[in-house]
Amino acid sequence: LIVQHQPDAAFLLVGGANHADPASARYAQRLNDLARSPSLVGKAILIGQQLDVTPYYAAADICAYTAVTPEGFGLVILEAMAHGKPLVASNLGAVPELVRDGVTGRLVRPGDIDGLAEAILALLDDREALNRLGTAGRERVIEDFDPEESFHRMQAVYDEVLPEARVGKKRSTTPP
C-alpha cells in the first residue's frame, strides 16, 4: 500500500523469529515471502537480529511497531524515540502509555493495515510533523526514561513506603 503512493519507499525489518515457536517461524516465513513479492523486491530488506541497531534507526524516517498482541513493554518503542524517530504503533498493551498519539507518534488499531499505511504516508508527506514527533519522542525519553532519574524516582517511592529500607541507611538491629 505504501509503495503504491511512495514508489521510493523502502522497509528495513530488524529482528528475527523465535524458531522454537512455530507461529513465530511461520510469521517469519510470511515476511520472507512478502519481501520477495514483485512489488517489494529490493524495497523490503530483512536484516535479522542485530546487537547494534543504531545504524538502522539512523537510516529510518519512521519506526512502525505493528504488534497484534499486547507486550508488557516494547523496548523498541523507547529505542526509536531515543533515536528521534516518530512511531506509527499498534494501540494496545503498554503502547499508548509510551506513544502519545499526535505528539510522539501515531496510534493505529492493531491489525489495521490500511490505517497503518495511511498514518505512515501522512508522516512521509508532512516532514514537519515527522520531525516534530521525532523530536518530541526523544525529549520524552530524556525526561521520563533517563535511568538515573528513574532510579531516584523509584528510590523516593521506596523511601515513602518503606523508609527503613533506604539504600545505604543503617537498619536498627534492636527489636521494636
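Computation of the quantities below employed the complete heavy-atom set of this structure, encompassing side-chain atoms and omitting hydrogens, waters and symmetry-equivalent molecules.
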Side-chain heavy atoms under 4.5 angstrom apart, residues restricted to Ile, Leu, Val, Met, Phe, Trp, Tyr: same cluster for [X] and [Y]?
X: Ile45; Y: Ile120; value: no
X: Ile62; Y: Leu40; value: yes
X: Leu116; Y: Val3; value: yes
X: Tyr56; Y: Leu13; value: no
X: Val103; Y: Leu130; value: no

If you count the non-hydrogen atoms of other residues, nucleotides and ligands that lie under 6.0 Å from [atom1] in [X], is the total more than 12?
X: Tyr27; atom1: OH; value: no
X: Arg153; atom1: CZ; value: yes
X: Arg140; atom1: CZ; value: yes

Locate the shortest heavy-atom distance separating [X] from [Y]; write the atom from each residue and the value.
X: Leu98; Y: Met81; answer: O-CE, 3.6 Å
X: Glu149; Y: Asp146; answer: N-OD2, 2.9 Å
X: Ala82; Y: Val141; answer: N-CG2, 3.8 Å
X: Leu123; Y: Pro86; answer: CD1-CB, 4.4 Å
X: Leu87; Y: Val99; answer: CD1-CG2, 4.2 Å

Here the side chain to side chain donor-acceptor pair (under 3.5 Å) pairs for residues 84-103, sequence neighbours left out, are none
So ring pair (Phe, Tyr, Trp, His ring centres under 6.0 Å) across residues 85-131, not counting sequence neighbours, yields none
Just wondering, do Thr104 and Glu139 contact through their side chains at under 4.5 Å, heavy atoms?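 Glu139 does not reach Thr104 side chain to side chain.
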Look up atom [atom1] in [X] and atom [atom2] in [Y], then write down how far apart they are to the nearest 0.5 Å.
X: Arg26; Y: Asp33; atom1: CZ; atom2: CG; result: 13.5 Å
X: Arg36; Y: Leu46; atom1: CZ; atom2: CG; result: 8.5 Å
X: Leu12; Y: Ile47; atom1: CG; atom2: CD1; result: 5.0 Å

Please tabulate, for the side chains in residues 63-70, all donor-acceptor contacts under 3.5 angstrom to protein atoms that are two or more places apart in sequence or on a different chain.
residue : atom : partner : partner atom : Å
Tyr65   : OH   : Glu71   : OE1          : 3.2
Tyr65   : OH   : Glu71   : OE2          : 3.1

Which atom pairs, one a donor and one an acceptor, fall under 3.5 Å between side chains of residues 72-80 and the rest of the protein, sequence neighbours left out?
residue : atom : partner : partner atom : Å
Glu79   : OE1  : Tyr57   : OH           : 3.1

- Cluster companions of Ile113 among Ile, Leu, Val, Met, Phe, Trp, Tyr (side-chain spacing under 4.5 Å):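 Reading the cluster by chain and number, Ile113 sits alongside Leu1.
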Residues passing the side chain to side chain donor-acceptor pair (under 3.5 Å) test with Arg30, sequence neighbours excluded, are none
